[in-house]
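Since we're looking at a predicted model, the values are computed, not measured. In what follows, every heavy atom counts, from backbone to side chain, and hydrogens, waters and symmetry copies are set aside.
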Amino acid sequence: MLTGLGAIFFYLFAFVAVAAALMVISARNPVHSVLFLILVFFNAAGLFLLAGAEFLSLILLIVYVGAVAVLFLFVVMMLDVDFAELKQGALQYAPVGALVGLILAAELIIVLGGYGFSPQLASTVAEPMPSLAERQNTAALGDILYTDYVFFFQIAGLVLLVAMIGAIVLTLRHRPHVKRQNIAEQVARTPATAIEIRKVKTGEGI
């Protein structure tokens with residue numbers, strides 16, 4: 001239970017996060033929406049830090065703010081997408097979106113309600129959480145990821161690598177009149193094919 005200065009920062013971070021989240025969906029400029037999204041991530045990281053989950057706080061800043069949100073901001077600025085045209089057909093998908101939202105809300109209520117009715121479930125997990133005095137959250141997560149689940153961790157990294165290569169291959173476009181490297185041709189070069197000797201007469205150019 002937060003009291004004093006911790007409670008003040010909690011309400012401050014929560015209020016700014018909710019206000020910025022509303023601005024994300026109400027701002028007319030997509031660049032402003034992304035900037036408000038970054039503000040939401042910062043305040044959510046502050047809330048995680050107040051809850052004692054410093055690992056999630058830093059991951060939220062490093063991954064989402066430092067990579068995803070900034071990348072999306074540059075994509076929006078460079079592609080110059082006509083969002084007004086995209087929003088014209090958004091109403092026809094509103095019923096499906098509302099249905100998905102209701103399903104997600106029901107799942108959250110079931111999860112939170114189950115925890116409220118049975119708070120002792122946290123003590124029955126296979127890997128009980130150590131106290132902060134014995135082990136920090138980051139160190140405890142590292143122990144689990146790099147010992148018990150190291151193979152699953154490597155498989156997840158391999159899947160992300162394959163997804164990244166697939167995205168590059170699918171979006172790569174060969175434009176005409178653009179010089180590109182031919183790696184196989186460069187590797188197969190020999191001194192006989194790489195060097196051309198010409199005899200130039202005196203006073204004449206090539």
Side-chain angles (χ1 to χ4, degrees), residues 17 20-21 24-25 30-49 51 53-83 85-87 89-90 92-94 96-108 110-111 125-129 135-189:
V24 170
I25 60 177
V31 177
H32 294 167
S33 296
V34 178
L35 293 177
F36 281 117
L37 181 63
I38 294 175
L39 182 60
V40 173
F41 288 152
F42 271 105
N43 288 274
L47 292 174
F48 279 129
L49 194 60
E54 69 276 357
F55 178 80
L56 294 178
S57 176
L58 295 177
I59 286 297
L60 189 63
L61 293 178
I62 295 172
V63 175
Y64 285 93
V65 177
V68 177
V70 177
L71 178 62
F72 182 64
L73 176 62
F74 284 126
V75 168
V76 170
M77 294 174 63
M78 289 189 298
L79 293 183
D80 193 17
V81 180
D82 189 2
F83 287 92
E85 182 180 355
L86 294 177
K87 291 181 180 179
Q92 61 181 348
Y93 300 106
V96 179
L99 179 61
V100 174
L102 290 175
I103 294 174
L104 292 177
E107 291 177 351
L108 289 175
I110 292 173
V111 171
V125 295
E127 295 289 343
M129 294 179 292
R135 196 71 168 164
Q136 295 294 326
N137 291 329
T138 306
L141 287 173
D143 293 339
I144 295 175
L145 283 177
Y146 299 114
T147 54
D148 299 335
Y149 301 100
V150 61
F151 295 108
F152 299 100
F153 185 77
Q154 295 295 333
I155 292 174
L158 182 61
V159 170
L160 292 176
L161 176 63
V162 172
M164 181 180 66
I165 296 175
I168 294 173
V169 172
L170 292 175
T171 57
L172 184 62
R173 298 291 183 270
H174 292 281
R175 299 178 181 178
H177 309 293
V178 175
K179 292 183 178 180
R180 294 185 177 275
Q181 288 183 319
N182 190 339
I183 305 300
E185 183 179 350
Q186 292 180 352
V187 173
R189 293 180 69 183

J.: Which heavy atom of Ser33 sits nearest to which heavy atom of Val24, and what is that distance?
T.: OG-O, 3.1 Å
J.: Output all residues satisfying side-chain contact (heavy atoms from CB on, under 4.5 Å) with Glu107, sequence neighbours left out; order by chain, then residue number.
T.: Ile103, Leu104
J.: Tell me, please, which residues at least two apart from Ile168 pass side-chain contact (heavy atoms from CB on, under 4.5 Å).
T.: Met164
J.: Please give me the minimum heavy-atom distance between Leu39 and Ala20, naming the atom from each residue.
T.: CD2-CB, 3.9 Å
J.: Going by the rule side-chain contact (heavy atoms from CB on, under 4.5 Å), which residues pair with Phe55 if we only count those two or more places apart in sequence or in a different chain?
T.: Ile59, Thr138, Leu141
J.: Can you name the ring pair (Phe, Tyr, Trp, His ring centres under 6.0 Å) partners of Phe42, sequence neighbours left out?
T.: none
J.: Measuring from atom CG of Leu47 to atom CG of Leu60, what distance do you get when rounded to the nearest 0.5 angstrom?
T.: 10.0 Å
J.: Looking at every heavy atom in both Ser57 and Ala45, which two are closest together, and how far apart are they?
T.: OG-O, 2.8 Å
J.: With a cut-off of 6.0 Å (strictly less than), are more than 12 heavy atoms of other residues, nucleotides or ligands near CZ of Phe41?
T.: yes
J.: For Phe48, which residues count as a ring pair (Phe, Tyr, Trp, His ring centres under 6.0 Å) partner, sequence neighbours excluded?
T.: none
J.: Closest approach of Asn43 and Ala17, non-hydrogen atoms and distance?
T.: CB-CB, 3.8 Å
J.: Taking only residues two or more places apart in sequence, or in another chain, which ones meet Leu160 in a side-chain contact (heavy atoms from CB on, under 4.5 Å)?
T.: none
J.: Tell me whether Gln186 at atom CD has more than 12 heavy atoms from other residues, nucleotides or ligands lying less than 6.0 Å away.
T.: yes
J.: Look at the aromatic rings of Tyr146 and Phe153 and report parallel, tilted or perpendicular, splitting at 30° and 60°.
T.: perpendicular
